[in-house]
Number of protein chains: 2
Amino acid sequence: MTGASTTDRGLPNATVARLPLYLRALTQLRATGSATCSSDQLAEATGVSSANVRKDLSHLGSHGTRGVGYDVAHLQAEIAQAIGQTQEWNVVLVGAGHLGKALAAYPGFASRGSRIVAVVDADPKRLGEQVVDGLVIESADDLDEIVRDRAVSIAILATPTHAAQDVADRLVAAGVTSILNFAPVALRVPDGVDVRQVDVAAELQILAYHEQRKSSPREEAVSG
Amino acid sequence: MTGASTTDRGLPNATVARLPLYLRALTQLRATGSATCSSDQLAEATGVSSANVRKDLSHLGSHGTRGVGYDVAHLQAEIAQAIGQTQEWNVVLVGAGHLGKALAAYPGFASRGSRIVAVVDADPKRLGEQVVDGLVIESADDLDEIVRDRAVSIAILATPTHAAQDVADRLVAAGVTSILNFAPVALRVPDGVDVRQVDVAAELQILAYHEQRKSSPREEAVSG
DNA sequence: GTGTGTGAAATAGTTCACAGCA
DNA sequence: TGCTGTGAACTATTTCACACAC
């Protein structure tokens, strides 16, 4: 079976996770003036195999031209449509510590479909502080109002670990249905709410595992 | 086939990616004074299914006790061993912008096996600036020396996008064999070098895809 | 009873390899 | 001739379900 039933428009998760990469690559290609590109070029630019690129794009029902490749502008528009980049998504950022401020200042969101419309923090001492042009730290008590008034559906959680679950509960109660969580804790959320986890220390631990294997002596042919 | 041949000690990648979660959960359990725990408890704490927990742990050749569960301290030690947390890993952080500084200040690395031993930046104006107790921004020109003298094998890349590939090349040349890359670009590295990618904007785009599906009208039973 | 360990089944994802169209 | 689109094969991962040890 194909991983998505005939009646729903759903793409395989693995494909969805790669669409942003293709979009990035296409934007670059477009800037260089290329009108078309092959699956090999996209593979080169994204680190995905070319067969995998073609399979992914075929899930979009996309139309490349045999012998030629894909029309860059057209494919870009198709992917943008598929992942909802035809609109901007309003995001609330919770937690204005070092990481929160760094994320608030990150210039890469706007060009990729997301806009941080509020930064909130629980610490009264931080209220009113300007983190970046047009963004002033607001009170976490106003989350409900902010989420509703500014049509927020996505939140970034950059709070201390101990506060994360509580904040998540309040975000969900206020109507947020997607959370990007930087706190190293598994959030419990109701069905219908998506959580994606970014755990930098865990990433390093995964790398450490492979490092350890690289340096340990080869052990082959145990029995033959 | 099992995904790892009999002759190599390798764990499935999916399992490796979850070991840090189990370790985190076990550390917490230990703090609460629990001497043993069941796969259900670990499942609860990590968001992984209990069957999956048991399968993962069985790959370690781990010994739980039927009817009882796992010995928390013992399992913790076994996982720590498996992912190389019996030693500390020295990490160089490249790029001391907002994100780099936030990462340098992050307190969660030390307790999870990694230590940032240097922060470097290409901007001469930043040299000498103290980012955190004991860490002063050094010149990117000294990367070679730093990597060699401080036994660094893992690097965190928090540079602007346009500089990332160049820095990666130099890191690899200096002997780094694992890179955690925050720049939104697919790094080209030789075989034997591991790269893990963190792309926050892409994460938001993935969430946006699911948001879009939630709000769009249900389309079911196309034909019957 | 209780909860692990594990084959077997089910599902998900990737790669192969080639027909077919420009 | 070049490159897409895709069934089929392969590989990876998760879930099931239950024998077995405590």
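As a basis for the values below, the full set of heavy atoms in this structure was taken, side chains included, without hydrogen atoms, waters or symmetry mates. Not measured: the values here are computed from a predicted model. Numbered from 1 within each chain, the chains take letters A, B, ... in sequence-line order.
Between the CG atom of B:N13 and the P atom of D:dT11 there is a distance of 15 Å, given to the nearest Å. The distance between atom CG of A:D40 and atom P of D:dG5, rounded to the nearest whole Å, is 13 Å. What separates CD of A:E78 from P of D:dT4 is a distance of 14 Å, to the nearest Å. Rounded to an integer number of Å, the gap from CG of A:L57 to P of D:dG5 is 8 Å. Regarding A:H63, its NE2 atom lies at a distance of 7 Å from the P atom of D:dG5, rounded to whole Å. Atom OH in A:Y70 sits roughly 13 Å away from atom C1' in D:dG2 (whole-Å rounding).
Contact of the A:V92 side chain with the A:I156 side chain is not registered, since no non-hydrogen atoms from C-beta on lie closer than 4.5 Å. Counting heavy atoms from C-beta outward, A:I179 and A:L187 have side chains that approach closer than 4.5 Å. Counting heavy atoms from C-beta on, the side chains of A:V53 and A:Y22 come closer than 4.5 Å. No side-chain heavy atom of B:P20 sits less than 4.5 Å from a side-chain heavy atom of A:D199.
Across all their heavy atoms, B:A183 and B:Q197 have their closest contact at O-NE2, 2.7 Å.
Comparing C:dT4, C:dT6, D:dC3 by their nearest atom to the side chain of A:S38 picks out D:dC3.
Phosphate contact (OP1/OP2 of C:dT4, side-chain N/O of B:S39, threshold under 4.0 Å): present.
Applying the salt bridge (Lys or Arg N to Asp or Glu O under 4.0 Å) test to B:R66 and every residue at least two apart in sequence or in another chain returns nothing.
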Nucleic acid footprint by protein, nucleotides 14-22 of chain C - heavy-atom cut-off 4.0 Å, B for base, S for sugar-phosphate alone
SB-B-BBBS
